[in-house]
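Below is one structure; the comments refer to it alone.
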Amino acid sequence: MQTWNEMKELQPLAAQMLMNSFKKNRISHAYLFQGSRGTGKKDMAALFAKAIFCPNREGAEPCQNCRECKRIDSGNHPDLHWVEPDGQSIKKEQILHLQKEFTYTGLESNRKVYIVVDADKMTTNASNRLLKFLEEPSKQTTAMLLTESGQTMLDTIRSRCQLLAFQPLNPARVEKRLVEEGVSQSNAKLLAALTNNLSEALEMNEDEWFANVRKLVIQLIEVLQNKPNEGLLFINHQWMPHFKERTQMQRGLDVLMLWFQDVINDYLDRDDAMVFITEKERVSQAAMKWSRQSAAHCLSKILEAKRKINQNVHPNLVMEQLTLQLQR
Ligand SMILES: [Zn+2]
């Protein structure tokens, strides 16, 4: 159960636009909610539907208590239809089924609402069907198409929808959502620092390659700290074999940057900002080798390395140079 106040906190612009449509009494026939996973598209769609059906609505706010509101919460409102991918895609039959449902007028009112989740996963046939459906809007129908990547949808469908862009989540919210999805607190912090896309973060969490990046960064720091003359050996024998592509190299350097940021956080006693909070002791040890100033210097050198990798400088060369710089 969500309220507009909560949705406004999460997605100020999209929530305001939808609320305004009640104020002006101008509800569109079709909306396209576009934004990465976890940005609140489903919750917003359910709230909007509730506001449409609730007889006790005040402004845009549904009462949350009446029969209509409760049936939407429990997922069995007769005039609200959810369409979700059946396996990998949304098939033509699912849209045909929807259309059939709509040939009857609303069971209890004249209003009908349908929500298509992952609308970009419609097959070509399904898309064409839906397009026909959108082309003959009945006055009382509202469609909400939800998508992570609207670019792959038919232009003809997009152009018939009012577009609502859902903004990426801030790191604190990504972290909270990840923990809710069962990701450990320490991984959630690291992932949220690297991406604001919940789907990508969850994939990385499952990815063994990524789990090893974290380990390698910690090992690299230990080598630099305790066995400085083995630094290059470590880079050539452990680090490089793990990072075969440039995007992977960048990811590794991103994590390394977070480590040096934490060294600075340690100096500032900013535990709440620390990403490697479960490694706090190691970070504090690192702070004995790297002063705050030299940690900042390391950060700028890592950024420089990232730029060089983008400019196609040989990765081995970049990493060897960086290792020497970090030791200084
Ligand atoms: Zn209600």
Side-chain angles (χ1 to χ4, degrees), residues 170-171 174-175 186-197 200-201 204 207 209-328:
N170 65 36
V174 174
E175 185 187 326
S186 61
N187 269 353
K189 267 197 184 295
L190 176 61
L191 294 167
L194 291 170
T195 176
N196 52 23
N197 182 318
E200 190 187 18
M204 278 157 69
D207 185 0
W209 179 85
F210 181 73
N212 284 322
V213 173
R214 188 193 174 101
K215 278 186 209 150
L216 279 169
V217 165
I218 293 173
Q219 283 170 7
L220 173 62
I221 296 292
E222 272 189 355
V223 170
L224 293 179
Q225 227 175 304
N226 304 323
K227 304 170 197 159
N229 33 10
E230 290 177 23
L232 292 183
L233 199 72
F234 180 83
I235 288 299
N236 285 305
H237 289 262
Q238 310 277 329
W239 186 276
M240 291 315 292
H242 194 63
F243 298 94
K244 298 204 173 71
E245 290 162 28
R246 279 170 206 274
T247 51
Q248 294 180 328
M249 300 276 314
Q250 296 287 12
R251 192 57 99 194
L253 291 175
D254 287 338
V255 177
L256 190 60
M257 277 186 78
L258 290 171
W259 178 275
F260 280 101
Q261 257 166 31
D262 271 2
V263 172
I264 294 173
N265 283 329
D266 189 67
Y267 277 107
L268 302 174
D269 283 325
R270 291 182 52 197
D271 281 10
D272 53 326
M274 235 182 227
V275 170
F276 290 91
I277 190 73
T278 51
E279 312 286 338
K280 187 171 159 42
E281 241 171 76
R282 283 182 212 253
V283 176
S284 298
Q285 276 168 20
M288 299 205 212
K289 175 176 167 77
W290 287 280
S291 69
R292 192 174 143 186
Q293 212 178 3
S294 60
H297 176 75
C298 289
L299 279 175
S300 72
K301 290 298 163 193
I302 299 170
L303 269 176
E304 198 179 298
K306 282 173 65 67
R307 269 197 300 274
K308 284 183 192 157
I309 284 172
N310 263 348
Q311 291 158 358
N312 284 334
V313 182
H314 197 279
N316 247 69
L317 197 67
V318 175
M319 278 312 294
E320 285 182 357
Q321 218 173 33
L322 179 64
T323 307
L324 297 175
Q325 287 164 334
L326 295 181
Q327 278 172 338
R328 235 164 253 152

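Heavy-atom basis, side chains included; hydrogens, waters and symmetry copies ignored.
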Report summary line: Closest non-hydrogen contact found for A201 with L191 is O-CD1, 3.5 Å

**Report entry** Minimum heavy-atom distance between D262 and F276, given as atom pair plus value
**Finding:** OD2-N, 2.5 Å

**Report entry** Flag, side chain of N265 to backbone of R270, donor-acceptor distance under 3.5 Å
**Finding:** no

Query raised in the report: Between W290 and Q225, is there a donor-acceptor pair closer than 3.5 Å when you use the side chain of the first and the backbone of the second?
Result: no

Query raised in the report: Between I302 and L326, which heavy-atom pair has the shortest distance, and what is it?
Result: CG1-CD2, 4.2 Å

Query raised in the report: Do you know which two heavy atoms are closest between Q327 and K289, and how far apart they sit?
Result: O-NZ, 4.0 Å

Requested in this report: Identify the heavy atoms of D271 and I277 that sit nearest to each other, and give their distance.
Outcome: O-CD1, 3.6 Å

**Report entry** Pair K301-F260, side chain to side chain contact (heavy atoms under 4.5 Å, CB included): steps then yes or no
**Finding:** CA-CA 11 Å; K301 290 298 163 193; F260 280 101; over 6 Å; no

**Report entry** Crowding at NZ, K227 (>12 non-hydrogen neighbours, <6.0 Å)
**Finding:** no

Report task. Give a yes or no on this: more than 12 heavy atoms of other residues, nucleotides or ligands lie within 6.0 Å of atom CD of Q311. Result -> yes

**Report entry** Taking every non-hydrogen atom, the tightest pair across A286 and W259
**Finding:** CB-NE1, 4.0 Å

Query - Atom CZ of R292: over 12 foreign heavy atoms under 6.0 Å - result: no

**Report entry** Side-chain donor/acceptor of Q238 to backbone N/O of F234, under 3.5 Å
**Finding:** no

Query raised in the report: Taking NZ, NE, NH1 and NH2 as the nitrogens, is one of them in D254 or K306 under 4.0 Å from a carboxylate oxygen of the other?
Result: yes

